[in-house]
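Just the heavy atoms: all of them, side chains too, but no hydrogens, waters or symmetry mates, feed the values below. Starting from 1, each residue takes its place in the sequence as its number.
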Amino acid sequence: MGSFGVIRGIVFVVGALLVVSGFASLGLGSLFALNGLWLVAVGGFLMIVAVLERQRYRSENAERTNDPIGPGGGETDAVEPRFRPTDEVFVDPTTQRTMRVLVDPRTGERRYIAEA
C-alpha cells in the first residue's frame, strides 16, 4: 500500500471514530444531540471521501493494484499498444509536468503519461 493508501486508511478510521462518537453523543440526550449530528455528518463525509478518492491521471487498474505513482501522477509502466497519443497536452498544476493524453480508440479509455 502506497503512502496515499495509508492516508486514505487513516481518514477512513478517523471518520468511523467520529461517526461512533456522534452516535454516542446522540444517545446521551438532547444536550449533546446537535454535536452528535455534526460528528456523524463529518465522519460520514470523511469515510465517503476515503472510499471514493482516486489519484489523478491514473487508470483504474493502477489504482486497484496499487502501482506506484508515475511522473506527474501518471502511469509508471509502458502503456499498452492499444493506446494512441492524442494532440491533448496539458501542464499538471500540482507537479508542473507536461502530461500527454493517450486514448484507446475502441473504448475511449484514457491514460496519462508525463512528457520527457
- Is it possible for you to say whether V11 and W38 belong to one hydrophobic cluster, with membership spreading through side-chain heavy-atom contacts below 4.5 Å? yes
- Only residue of R84, R111, E80, R82 satisfying side-chain contact (heavy atoms from CB on, under 4.5 Å) with D104 is R82
- Given the rule that I, L, V, M, F, W and Y join up when any side-chain heavy atoms are under 4.5 Å apart, are V89 and L102 in one cluster? no
- Note on the structure: Exactly one candidate in L17, L18, V51, V13 meets side-chain contact (heavy atoms from CB on, under 4.5 Å) with L46; the answer is L18
- Message: Tell me the closest heavy-atom pair linking F83 and E109, and the distance in Å.
- Response: CE2-O, 3.4 Å
- Item | Separation between OG1 of T98 and CD1 of I113, rounded to the nearest 0.5 Å | 11.5 Å
- Query: Quick one: CZ on F23 to CG on L28, what's the gap to the nearest 0.5 Å?
  - Reply: 13.5 Å
- Query: Got V103 and E88 here, is their nearest side-chain heavy-atom distance under 4.5 Å?
  - Reply: no
- Where L39 and S25 come nearest, the two heavy atoms and their spacing: CD1-OG, 4.1 Å
- When rounded to the nearest 0.5 Å, the distance separating CZ of F90 from CZ of R97 is 12.0 Å
- Return the minimal non-hydrogen interatomic distance between M47 and V19, and the atom names on each side. SD-CG2, 3.9 Å
- Item | Common cluster, I48/V20, ILVMFWY with side-chain heavy-atom separation under 4.5 Å | no
